[in-house]
Number of protein chains: 2
Amino acid sequence: MTLTHDPLSTNCRAVSAVLARVGDKWSVLIVTVLGPGPRRFNELKRSINGISQRMLTLSLRGLERDGLITRTVTPSTPPRVDYELTELGRSLLKPVMALTDWAIKNQSAIKLAQTEFDAASQPDMERRPLQASSSA
Amino acid sequence: MTLTHDPLSTNCRAVSAVLARVGDKWSVLIVTVLGPGPRRFNELKRSINGISQRMLTLSLRGLERDGLITRTVTPSTPPRVDYELTELGRSLLKPVMALTDWAIKNQSAIKLAQTEFDAASQPDMERRPLQASSSA
DNA sequence: CGGAATCCCTCACGATACTG
DNA sequence: CAGTATCGTGAGGGATTCCG
């Protein structure tokens with residue numbers, strides 16, 4: 001194992017690549033949507049609020065390239081393209097869910113920490129208008 | 001639970017924020033380095049090959065803001081600043097390790113899928129110089 | 001329907017220099 | 001030692017248009 005913390009290390013680069021994909025804004029969302037079963041392009045687009053056509057295409061390509069999903073074309077009119085998780089993709093779902101569970105469980109603690117941090121960083125907010133202003 | 005796949009949903013935004021932090025190039029690396037115990041600023045900088053001073057500072061600030069690490073200043077000369085995982089930070093380590101384990105286990109499968117995908121995308125590479133060239 | 005191609009903008013990040 | 005400040009680059013990503 002021996003994570004070397006050296007980004008140039010082979011293991012570390014592989015891990016970083018996976019973490020980058022997980023941290024990608026849309027990929028995990030797509031994978032979770034595909035969890036229950038295959039979906040068509042526009043089904044995905046409608047399911048995921050706010051994604052652009054471009055980013056959906058690019059994200060799907062990346063996931064396909066990594067072997068996490070398959071792309072099946074049915075040459076009908078209109079054409080039909082289905083995306084589906086591979087076994088590898090489904091296996092990724094488990095550790096990802098562990099992480100999302102952690103996120104949901106601890107989101108309030110994080111929010112609180114952020115609020116406290118921001119309050120401490122902005123002591124100006126604490127600046128009460130003290131008596132000087134209305135001295136007249 | 002009910003992940004809505006709607007980025008505007010409260011749960012989904014919290015999850016995305018955590019995934020973004022995990023997917024961040026340096027944060028997870030920093031957290032794993034801090035796993036065994038507290039470290040000073042330049043210890044971290046030397047431990048993590050390739051990180052710039054700026055990014056280390058920014059990443060540490062972000063982690064501190066999220067309540068994942070603490071920053072302790074010892075006002076000596078020269079000044080000394082120690083960073084240490086909080087309980088929350090340590091608890092994050094477990095699901096993250098699950099993900100990194102998955103990454104290490106499946107890195108070869110991913111590499112293979114990528115190679116095949118790239119080969120299929122570039123049929124030009126298969127272009128053998130066929131007999132025409134050396135017809136003479 | 002399911003893309004590919006183009007334009008354009010922002011902002012994340014690295015490099016460098018300065019400070020307490 | 002442990003930062004902050006400033007600048008310059010370029011990759012990420014949205015909007016739009018065209019195609020089979």
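In this text the structure is predicted, and so the values were computed from the model without any measurement. Letters go in sequence order (proteins before strands), and every chain restarts at 1. All values below come from the heavy atoms of this structure, side chains included, with hydrogens, waters and symmetry mates left out.
Phosphate contact (OP1/OP2 of C:dG2, side-chain N/O of A:R40, threshold under 4.0 Å): present. Phosphate proximity of C:dG14 to B:W26: present, with a side-chain N or O under 4.0 Å from OP1 or OP2. The phosphate of C:dG3 (OP1 or OP2) has a side-chain N or O of A:Y83 nearer than 4.0 angstrom.
Put simply, the side chain of A:L92 reaches to within 4.5 Å of the side chain of B:W102, judged on heavy atoms. No side-chain heavy atom of B:V15 sits less than 4.5 Å from a side-chain heavy atom of A:V28.
Nearest nucleotide to the A:T57 side chain, out of C:dC1, D:dG3, C:dA4: C:dA4. Closest contact between the side chain of B:D24 and the listed nucleotides C:dG2, C:dC13, D:dG3 involves C:dC13. Comparing atom distances between the B:V81 side chain and each of D:dG14, D:dG3, C:dC1 picks out D:dG3 as nearest. With distances taken from any side-chain atom of B:F41 to the nucleotides D:dG3, C:dG14, C:dG20, the minimum falls on D:dG3.
If you measure from atom CD of A:E43 to atom C1' of C:dC1, you get 12 Å, rounded to the nearest angstrom. Summarising the geometry, the separation between CD1 on A:I51 and C1' on D:dA15 is reported as 15 Å, rounded to the nearest angstrom. The separation between A:L56 atom CG and D:dG12 atom P is 17 Å, rounded to whole Å. The separation between A:M55 atom CE and C:dG3 atom C1' is 15 Å, rounded to whole Å. The interatomic distance linking B:L58 (CG) with D:dA2 (C1') rounds to 14 Å, in whole Å. Taking atom CZ on B:R54 and atom C1' on C:dG14, their separation rounds to 8 Å, with Å as the unit. Rounding to whole angstrom units, CD of residue B:Q53 and P of C:dT19 are separated by 15 Å. Put simply, CZ on B:R61 is 16 Å from P on C:dC13, counting in whole angstrom units.
None of B:R46, B:R80, B:R71, B:Q53 except one satisfies the side-chain contact (heavy atoms from CB on, under 4.5 Å) rule with B:F41; the exception is B:Q53.
Once rounded to the nearest 0.5 Å, the distance linking OH of A:Y83 with CG of A:L60 reads 5.0 Å. Note: A:L34 CG to A:L68 CG = 10.5 Å, rounded to the nearest 0.5 Å.
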